[in-house]
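One structure is given below, encoded as structure tokens.
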Amino acid sequence: MLIAGADKCHLKEDSTAMNEVLKKGQLDIHTLCVNTIRTLSIDAIQKANSGHPGAPMGLAPAVYVLFTRILKHNPKNPDWLDRDRFILSGGHASMLLYSILYLTGYDLDLEDLKTFRQMDSRTPGHPEFGHTPGVETTTGPLGQGFSNAVGMAMAERHLAAVYNRNGKEIIDHYTYVMCGDGDMMEGLSSEAASLAGHLGLSRLICIYDDNKISIEGSTDVTFTEDVAKRFTAYNWHVLTVRDGNDLAAIDVALQKAQAETERPSLVLLHTKIAYGSPNKQGSADAHGAPLGAEEVCLTKECLGCPPDVEFCVSDEVLAQCRQIVKKGQQAEAKWHREFKAYKETHPDLAESYVNAVSGFLPESWDAALPDFTPADGPLATRAASGRVLNALAATLPTLVGGSADLAPSNKTFIEGVPEFQRDSWAGRNVRFGVREHAMGGVMNGMFLHNGIRPYGGTFLVFADYMRPAIRLACLMNLSVIYVFTHDSVAVGEDGPTHQPIEHLASLRIIPRLTIIRPADATETAEAWRLAVRTTGPVALILSRQKLPILDRSSYSPAAGLKDGAYILSDSDGSPDLILIASGSEVHLALSAQQRLANENIKTRVVSMPSWELFERMPASYRNKVLPPDISRRIAIEAGHPFGWDRYVGFEGAVIGIQGFGTSAPGAAVMEKLGMTVENVYQKALQLMAD
Ligand SMILES: Cc1ncc(C[n+]2csc(CCOP(=O)(O)OP(=O)(O)O)c2C)c(N)n1
């Protein structure tokens, strides 16, 4: 009988077919809307012959209720500042999002759905920020969207506390996130949920698609914890909806979640993966593969929809779903009126808010940057960074951040400014806790929310714990600032577990990440100046140990940092040899230069704090700093040498570290691993002799 149903499947496109269904009174309008989300999703996936139909089919009712009854949004202006945010954390269910965005009147049309997953389409495999109107963040790597949502909810609370005045709520919205078992299994969601619960982010509402299926089958084989109890323990308000198709129950649960004022809410929604598919409902088969042409027809029949029509959307369905457009436009217009009144009463605050959300840098924002001189004595670049950050924080109110429990080491605390806590949302010192991965995801969410320039610190060696979030910051080109301190084996006594080796090299291969490893305090000030002005993520790589402050009356100004590499100290006449170094190794190069001068070897020292900035310079500049005809070159960096050969060439040498470090005082470790003036000097003599 099922096969017989499939015989009817001579596919055509006909929007009147759904109208017939309605006229015949076979389905009420809401069910028809929900089923349209389902059929659009399965059709697009079938057409692409690729995608994940199961979750969209199970979650269609929830997303319908959310987008048509709960969410404050204006599909005609997806960037309206006070909109509610919605994140689909399980990005594999992207067709769910594209279907509802189209149906509710965002700037997508049926053609876009028909080109799902195709080259240059606006409906890529997983939702991508900046690519599709209404997509708030890029999701797909499970858990990331959830952590972004926490960051957005934190940003909302912070900006609300800073700018709302006497009932004038210019920032007044919720953050909704949908996630599945996969998100819940990832450690990242635990970190982020723990932080959200601690902070009591009551404007954060998570809908958990509790369908008990992931790729390998039933979650019985791997995921048997009580998620409700887990979230209750995190201080979340947990609600359960036993039937994922019960629109009224979903509506009520979301309203209860909105009414909660102390805790974030988790709506645990019992759904069936691939709901409506007679042969695949409840099965992992429907997770990540098209249903198949026959099953698509059978499913449509089961859902009461015309089985032989593709991408079928009735006018009634569109009219029903697009009622939200007028409501959204009215809500936005009301907000603009309120903002106008707010601007009249609080002109300074209004200006500051507009600057914050537009990323505008106030005049003289960097005027108070400290001017370091050798007289300040040797200073670790992390310490210099702390002073610079504090100076910047005074003129840049958008700088909000902290550290993953290493603030005293990372020097990320802004003095005299309150902490960001549940009773002081206006505070700017965020205590991320020992949650590096969540810190990365939260920073992304904060920046995506708009109005905040987030920074976050940890030891460079633990950048690995947040790498997936760093990658997404790069993919989305988010202007977040990482403060990675303790940047080499010179960390010392904590030993090899805490001594980064491969980290710089591995960060350098992430596209779009700008990495800056300043040589001293003066370069550190320049590094921050550049980071603040940069669009896109920047990682500052800072020393634990003290470093001499270079005397800029003898050496080139630190402003050269902006070019990525610059001639710090040159020889008289054309150099025989170029020493290229970054960070703490620059002063070794300078000392070696002096010793080599005694041997009449003319040496140029190039400070190279940033490969990425240097690569962006024109070839003429690069060739001036590293003239192609000077092949005797040595690069010095207390990390894995991987990649440095591009600057030293086949005839050059790299002084780096290939193995792991060791537990001993920092200076001793540096010496043992060859990070010494003597070694640079000897290598240089060798090179000259070759
Ligand atoms: C970090 C990460 N690991 C693995 C995957 C691959 N993956 C995509 S979906 C999925 C299973 C998700 O299960 P669930 O959230 O229950 O989704 P459903 O089966 O309900 O669609 C996996 C492992 C991923 N996208 N991200």
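Just follow the structure's listing: the first ligand is 1, and inside any ligand the first atom is 1. Treat the numbers as computed from the prediction; the structure is a model and nothing was measured.
Between the side chains of Tyr208 and His270, not a single donor N or O lies within less than 3.5 Å of an accepting N or O. Side-chain atoms of Thr514 and Thr534 form no donor-acceptor pair, as typed in the model, at a separation below 3.5 Å. Side-chain atoms of Ser189 and Asp183 include no donor-acceptor pair closer than 3.5 Å.
Among protein heavy atoms, atom 20 (O) of ligand 1 sits closest to Asn211 ND2, 2.6 Å. With hydrogens left out, the protein atom closest to atom 6 (C) of ligand 1 is Ile215 CD1, 4.5 Å, a heavy atom. The protein heavy-atom contact nearest to atom 16 (O) of ligand 1 is Ile213 O, 2.7 Å. Among all non-hydrogen protein atoms, the one lying nearest atom 4 (C) of ligand 1 is Leu142 CD1, 4.5 Å.
In Ser214, the parts holding a heavy atom less than 4.0 Å from any atom of ligand 1 are both the side chain and the backbone. Proximity of Thr219 to ligand 1, defined as any heavy-atom pair under 4.0 Å, is not found for any part of the residue.
Atoms of ligand 1 lying under 4.0 Å from any heavy atom of Glu186, numbered from 1 in the order shown and given with element: 1 (C), 2 (C), 3 (N). Here is the list of ligand 1 atoms found below 4.0 Å of a heavy atom in Gly180: 15 (O).
Under the 4.0 Å criterion applied to side-chain N and carboxylate O atoms, Glu310 and Lys47 are not assigned as salt-bridge partners.
Within 6.0 Å of CZ in Phe462 there are more than 12 heavy atoms belonging to other residues, nucleotides or ligands.
Counting heavy atoms from C-beta on, the side chains of Tyr98 and Pro124 come closer than 4.5 Å.
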